[in-house]
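Each remark here refers to the structure printed beneath this line.
Note on naming: letters A, B, ... go to the chains in the order of the sequence lines (proteins, then strands), and numbering restarts at 1 for each one.
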2 protein chains.
Amino acid sequence: MSKVGKDEIIRAAEEVVREKGARKLTLDAVAAQCGLSKGGLLHHFRTKQALLQAMLESAVAREGGCAADYLARAGDGPGTALAARIHSMFSLMQDDESLPRSLIAAVAEDPALLEPIREKEERVRREICASVKDPELAQLLLFASRGMFFARVFGLMEPGDPQFERLRERLLAMAADID
Amino acid sequence: MSKVGKDEIIRAAEEVVREKGARKLTLDAVAAQCGLSKGGLLHHFRTKQALLQAMLESAVAREGGCAADYLARAGDGPGTALAARIHSMFSLMQDDESLPRSLIAAVAEDPALLEPIREKEERVRREICASVKDPELAQLLLFASRGMFFARVFGLMEPGDPQFERLRERLLAMAADID
DNA sequence: CAAAACCGACCGACTGGACGGTATGGTAGC
DNA sequence: GCTACCATACCGTCCAGTCGGTCGGTTTTG
């Protein structure tokens, strides 16, 4: 038959948040979205928190994979680690909105769920600072990409904004000749 | 005697979000926080959405006031408008966390509530772009401050972080000689 | 002037629905 | 027949919003 699987449930949950808002991310809604009964859903995730956590992990993993791809394509110059992270931020903005949506839902539900993300953020910043001669500028560029990311999360910037692509290129260019 | 008033209710609501999280922003909780019955609370704000909206408006007004103060103190050079906005972002980070908290609560409840903020953001960006020779860089600096702001909102950056002050000064310096 | 009528602020019990989670039973594949 | 997967029914709780009513003050009126 249909074969559901946790990934599809996570996608469904993201879809629910995108359509109805974080507050409406309810177990019934997720179940309905992926054509499952609530019982079936709760078989895969025994609690709502578990689902939230899985959503975050999934999104974080996608970000990591995206950065890794970039690193594989471009060698490892001085600003490459930074560029990879900036690139992955933009990818998350364009491809889908899974991470941001999950973020909002999670932080509304229970801020403690963000702990793994906090740790990852710290690692990334350390890695970037170590790979570059001007760590402050590097962090500012990273924060700029984060800022654009959140602007999109909150719908403050349209994806079709003409500025968007130019700012992205400008950021990557500044990352490239940071040394 | 006690005199309640809408402002105090808004403060109480922010306090609830700060202490218990956006999900726990309930009418009962707000009422309890400001020593009021739910009936009394609903007398001032006839619906929860109305309260959320007032919270956002209040926070936005505070941001605007902060930027205006900065403009009054520093003349109006080329990068001053930008610096004012960056400065107000950092003020919001340090003084309290009312705007971010309200933001999260509102966006979780109903993303449509963000519309006024979206409009203001657009105005600010236009104003800054018009006041400077390199609008892209200006926007990137603005986004960097936004990025740090959100990092703090989500607890991704500690307030005591030694980097914090240096990044702030670096940002303001870059804003100062943008022309 | 004083009583009556009115008004805004506030209270607190109540309701109806939403939502997370449980309990139980059914079914398909190994 | 055991396990993984899924459905149905149900429970307890939480919460936004309603409603009738109290109380102190102000305005109207006889």
Side-chain angles (χ1 to χ4, degrees), chain A residues 1-58 101-102 104-113, chain B residues 1-57 101-102 104-114:
Chain A
M1 294 289 290
S2 41
K3 268 267 290 173
V4 179
K6 303 200 172 189
D7 267 5
E8 298 159 58
I9 294 179
I10 292 174
R11 302 283 171 82
E14 288 165 359
E15 189 59 25
V16 169
V17 180
R18 168 157 44 239
E19 286 176 0
K20 315 246 182 93
R23 183 63 183 276
K24 299 284 187 179
L25 177 61
T26 172
L27 292 182
D28 295 86
V30 174
Q33 178 69 34
C34 60
L36 208 62
S37 70
K38 184 150 70 168
L41 169 60
L42 280 162
H43 171 74
H44 291 280
F45 297 99
R46 290 223 306 271
T47 164
K48 190 182 178 182
Q49 275 218 2
L51 173 59
L52 267 308
Q53 206 167 327
M55 290 173 71
L56 286 184
E57 282 170 10
S58 157
R101 304 289 175 173
S102 306
I104 292 179
V107 81
E109 187 80 21
D110 178 11
L113 285 169
Chain B
M1 294 297 291
S2 41
K3 269 256 299 168
V4 178
K6 303 201 174 191
D7 266 5
E8 298 160 57
I9 295 179
I10 291 174
R11 300 285 170 82
E14 288 166 358
E15 190 59 26
V16 169
V17 180
R18 169 158 43 240
E19 285 176 359
K20 315 245 183 95
R23 182 64 183 279
K24 300 282 189 181
L25 178 61
T26 167
L27 292 183
D28 295 87
V30 174
Q33 178 69 34
C34 60
L36 209 61
S37 71
K38 182 148 69 170
L41 169 59
L42 281 163
H43 173 74
H44 291 280
F45 297 99
R46 288 221 308 270
T47 165
K48 190 180 178 184
Q49 275 218 1
L51 173 58
L52 267 308
Q53 205 168 327
M55 290 173 70
L56 286 184
E57 282 169 11
R101 304 287 175 176
S102 305
I104 292 179
V107 80
E109 192 76 20
D110 178 10
L113 286 168
L114 294 186

(request) Answer yes or no: does a side-chain N or O of His43(A) lie under 4.0 Å from OP1 or OP2 of dC6(D)? (result) no
(request) Please lay out, stage by stage, how Glu15(B) and Arg18(B) fare under the test salt bridge (charged side-chain N to carboxylate O under 4.0 Å, His left out). (result) CA-CA 5 Å; Glu15(B) 190 59 26; Arg18(B) 169 158 43 240; 3.1 Å; yes
(request) Please list, chain by chain and in numerical order, all residues satisfying side-chain hydrogen bond (donor to acceptor under 3.5 Å, both in side chains) with Arg23(B), sequence neighbours excluded. (result) Glu109(A)
(request) For Thr26(B), enumerate each residue passing the side-chain hydrogen bond (donor to acceptor under 3.5 Å, both in side chains) test, keeping only those at least two apart in sequence or located in another chain. (result) none
Using a cutoff of under 3.5 Å, can you pull out all pairs of nitrogen or oxygen atoms linking the protein to nucleotides 22-27 of chain D, with atom names and distances?
none

(request) Specify the separation, in whole Å, of atom CZ of Phe45(B) and atom P of dC10(C). (result) 12 Å
(request) Kindly indicate, with the supporting measurements, whether the criterion side chain to side chain contact (heavy atoms under 4.5 Å, CB included) is fulfilled by Ile9(B) and Leu36(B). (result) CA-CA 9 Å; Ile9(B) 295 179; Leu36(B) 209 61; 4.2 Å; yes
(message) Using 0.5 Å steps for rounding, measure from the CG atom of Leu113(A) to the CE atom of Met55(A).
(response) 11.0 Å
(message) If the condition is side-chain hydrogen bond (donor to acceptor under 3.5 Å, both in side chains), which residues does Gln53(B) pass it with, not counting sequence neighbours?
(response) none
(request) Under the side-chain hydrogen bond (donor to acceptor under 3.5 Å, both in side chains) rule, collect the residues that match up with Gln49(A), sequence neighbours excluded. (result) Asp110(A)
(request) Kindly say if His44(A) contacts the phosphate of dC6(D), meaning a side-chain N or O under 4.0 Å from OP1 or OP2. (result) yes
(request) Report, as a single string ordered 5' to 3', how protein heavy atoms within less than 4.0 Å touch nucleotides 12-30 of chain C: B base, S sugar-phosphate only, - not at all. (result) B------SBBB--------
(message) Side chains of Asp28(A) and Leu41(A), heavy atoms from C-beta outward: is any pair under 4.5 Å?
(response) no
